[in-house]
Protein chains: 2
Amino acid sequence: MTFRLDAFLPYRLSVAAAQVSRRFAALYEAEAGLTIPEWRVLAHLDHSGAVSIRDIHARVNLDKSVVSRAASRLQGAGLVRKSGNDADRRLIVLELTPQGQALMLRLGRIAEAFQADLLAELGPDAAALDRLLSRLAGKETGAA
Amino acid sequence: MTFRLDAFLPYRLSVAAAQVSRRFAALYEAEAGLTIPEWRVLAHLDHSGAVSIRDIHARVNLDKSVVSRAASRLQGAGLVRKSGNDADRRLIVLELTPQGQALMLRLGRIAEAFQADLLAELGPDAAALDRLLSRLAGKETGAA
DNA sequence: GCAAGATCATTGCAGTTGCAACGATTATGC
DNA sequence: GCATAATCGTTGCAACTGCAATGATCTTGC
């Protein structure tokens, strides 16, 4: 028998994730002109409060350099403030500006609505997906 | 309440898919030095037989240009043969060479083993995931 | 039969990514 | 206390991506 790519789980997972991300990315691109890394940094800051680049890099599955450049762009747009950490001067303190917070309020609502639609689309198996994603997330820290 | 990125489905899906893809990509990178697009083209050709770039582009969720360049590299490596279609000379006929077939035999076994491991990791919810991915795949053809 | 439009693969190009330096700062071993 | 190693954020660089031409070929309307 020949190999069937369209029955291969990693491939199907990747395609599905890309499609969902693409659909949602179109929303915040239209709303605020954000790229995916910018959205992730902003969204993480909304919940985490003041935090370093290293922190975001570790939690949000983006390379240090990507976080660094996204943060710079967000700073340029007035959505994020960068300051120095006095206790450890290697670190940078990132936090949302009032404009950043206001934007995340709007984007958060859009995200919730999108997720609700998605869950409706997924139907009764959504709970199983939730469990699966938690299990996968726990597996690989990528720290190797 | 602030927005919680790590409870947001599109984000979690994207991270999980990236991690799974990364793990598997390391395997075929080690085995044959393939990139993700090259793997996809090769794997699709294994099951589809002779087919055009346009066909792969439509089925495998890769841009035309990405498929074109991946096919050229695979041709250079002697894994794929490119020939002209006599009925429609705009089209290119891609097919695996014997070396390509031999490689896919090995990679197919590696892929099956990887998927088996993954399914074991996922446990009893794997069936639900299968249904979900089919549903998502059916939704968006991206033809808009 | 032929002109206008559609389709196909390729290529150019700007933007992004991932990785490996790099300078600056802090932690560790002795 | 001080040299060595580790960590942090940034930047350079090559590779890749996605999009928009481009040239070649086919299809459609008439």
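Values in this document were obtained by computation on a predicted structure and should not be read as measured data. Naming convention: chains lettered A, B, ... in sequence-line order (proteins, then strands); numbering from 1 in each chain.
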Take the protein atom CZ of A/Arg69 and the nucleotide atom P of D/dT11, then report the distance between them rounded to whole Å. 9 Å

On DNA chain C, does the nearest nucleotide to A/Asp63 precede the nearest nucleotide to A/Ala87 from the 5' side, or the other way round? Give the residue. A/Asp63

Rounded to whole angstroms, how far apart are CG on A/Asn85 and P on D/dC8? 12 Å

Will you find, in the side chains of A/Arg12 and B/Ser134, an N or O donor that is under 3.5 Å from an N or O acceptor? yes

Would A/Trp39 and A/Phe114 count as a ring-ring contact (aromatic ring centres under 6.0 Å, His included) here? Give the steps. CA-CA 15 Å; A/Trp39 150 257; A/Phe114 183 83; over 10 Å; no

Distance below 4.0 Å between B/Lys82 side-chain N/O and C/dT10 OP1 or OP2: yes

For A/Asp88, report the nucleic acid contact type (base, sugar-phosphate, nothing); a contact means any heavy atom under 4.0 Å. sugar-phosphate

Tell me the interatomic distance from A/Arg54, atom CZ, to D/dA6, atom P, rounded to whole angstroms. 14 Å

For atom CD1 of A/Ile56 and atom P of D/dT10, their distance in whole Å: 11 Å

Distance check: side-chain N/O of A/Arg90 vs OP1/OP2 of C/dT26, anything under 4.0 Å? no

Please report, rounded to the nearest Å, how far the C1' atom of D/dC8 is from the CG atom of A/Leu94. 12 Å

When rounded to whole Å, the NZ to P distance for the pair A/Lys64 and D/dT7 reads 11 Å

Closest approach to the side chain of B/Ser65, judged atom by atom: which nucleotide of D/dG9, D/dC16, C/dT11 is it? C/dT11

Value in whole Å for how far the C1' atom of D/dC26 lies from CG of B/Leu91: 10 Å

Side-chain donor or acceptor of A/Ser14 paired with backbone N/O of A/Pro10 under 3.5 Å: no

Just N and O in the side chain of B/Ser68: are any of them under 4.0 Å from OP1 or OP2 of C/dT11? no

Is any side-chain N or O of A/Thr35 closer than 4.0 Å to OP1 or OP2 of C/dT16? no

Are A/Phe24 and B/Tyr11 an aromatic pair by the rule of ring centers under 6.0 Å? no

Mind calculating the distance between NE2 (A/His57) and C1' (D/dT11) to the nearest angstrom? 16 Å

Linked, directly or transitively: A/Phe3 and B/Leu119 (ILVMFWY side chains, under 4.5 Å): yes

Could you check whether the side chain of B/Arg89 and the base of D/dG23 have a donor-acceptor pair of N or O atoms closer than 3.5 Å, going by distance alone? no

Which of these nucleotides, C/dA9, D/dG9, C/dC19, is closest to any side-chain atom of B/Arg22? C/dC19

Reading DNA chain D from 5' onward, which residue's closest nucleotide shows up sooner: A/Ser72 or B/Asp86? A/Ser72

